[in-house]
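Reckoned from all heavy atoms, side chains included, excluding hydrogens, waters and symmetry mates.
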Amino acid sequence: MYDGAMGTQTRAAYKQNAFQTASPGELTLMLYNGCLKFIRLSASAMDKKDYETKNLNITKAQKIIRELMVTLRVENETTQQMLQLYDFAHDALVRANINNDANALDEADAIITEFRETWKEAIKIDRQQRYALGINNHE
């Protein structure tokens, strides 16, 4: 018989293991995915006028963006532009939280989604180059 508490413990252990064994690139992807999850939970809470949950999830998304900003090595024009986009997304979340502005949430979501998709592609290319195998051969 399935034990709900055991299932929760198993999922938590799996997530912890995935986090501990992830490459730096995969960790960054996890941050993007987490940020998007919290932005979308915020949007849902905003629709339901659940402002406490909205605030909690926006705050979590903001913390992730701040982590991405702090860990970004600004070495050239591209990374400077990334920093500016992170800053814009963070500001959009602040506006969304203060003003209950769904459009600002959408702005942040679009920016982080674009980063995530670009990052996923970069990981795919890196794997192809490191292993000299086409990833599509295994799909």
Stepwise side chain to side chain contact (heavy atoms under 4.5 Å, CB included) test for L41 and T53: CA-CA 8 Å; L41 288 170; T53 300; 5.8 Å; no

Taking all non-hydrogen atoms of both residues into account, name the closest pair between A108 and A89 and its distance. CB-O, 3.8 Å

Tell me, please, which residues at least two apart from R40 pass salt bridge (charged side-chain N to carboxylate O under 4.0 Å, His left out). D109

Verify, without hydrogens or angle tests, whether S42 (side chain) and I58 (backbone) share a donor-acceptor contact under 3.5 angstrom. yes

Among the clusters formed by ILVMFWY side chains lying less than 4.5 Å apart, do F38 and Y51 turn up in the same one? no

Exercise: identify the closest heavy-atom pair between N97 and N55: ND2-OD1, 2.7 Å

Who passes salt bridge (charged side-chain N to carboxylate O under 4.0 Å, His left out) against E117, sequence neighbours left out? K120

For the backbone of G25 and the side chain of W119, can you confirm whether one donor and one acceptor N or O come within less than 3.5 Å of each other? yes

So, using salt bridge (charged side-chain N to carboxylate O under 4.0 Å, His left out) as the criterion, who are the partners of D126 when residues are at least two apart? R130

Salt bridge (charged side-chain N to carboxylate O under 4.0 Å, His left out) contacts touching residues 44-62 (sequence neighbours left out): none

Count I, L, V, M, F, W, Y as connected when their side-chain heavy atoms are under 4.5 Å apart, and connections chain through other members. Are V94 and L36 then in the same cluster? no

Measure the NE2-CE distance between H90 and M69 for me, rounded to the nearest 0.5 Å. 7.0 Å

Distance from L105 atom CG to L93 atom CG, nearest 0.5 Å? 6.5 Å

Sort and list the pairs that fulfil salt bridge (charged side-chain N to carboxylate O under 4.0 Å, His left out) and have at least one residue in residues 87-106, not counting sequence neighbours. R95-E107

Ignoring hydrogens, what is the shortest heavy-atom contact between A61 and C35? Give both atom names and the distance. O-SG, 3.7 Å

F115 side, atom CZ; T28 side, atom OG1 - distance, nearest 0.5 Å: 11.5 Å

What donor-acceptor contacts under 3.5 angstrom involve side-chain atoms of residues 79-86, with partners at least two apart or in another chain?
unit_1	atom_1	unit_2	atom_2	d
T79	OG1	E75	N	2.8
T79	OG1	N76	N	3.0
T79	OG1	N76	O	3.1
T79	OG1	N76	OD1	3.2
Q81	NE2	E77	OE2	3.2
Y86	OH	Y32	OH	2.6

To check you understand the geometry: which heavy-atom pair defines the closest contact between I64 and G34, and what is its length? CD1-C, 3.7 Å

Apply side chain to side chain contact (heavy atoms under 4.5 Å, CB included) to the pair I112 and I65, showing each step before the final yes or no. CA-CA 9 Å; I112 301 304; I65 292 174; 4.1 Å; yes

In the structure I gave you, are the side-chain heavy atoms of I39 and N57 within less than 4.5 Å of one another anywhere? no

Within the 4.5 Å heavy-atom criterion, are L29 and N33 side-chain neighbours or not? yes

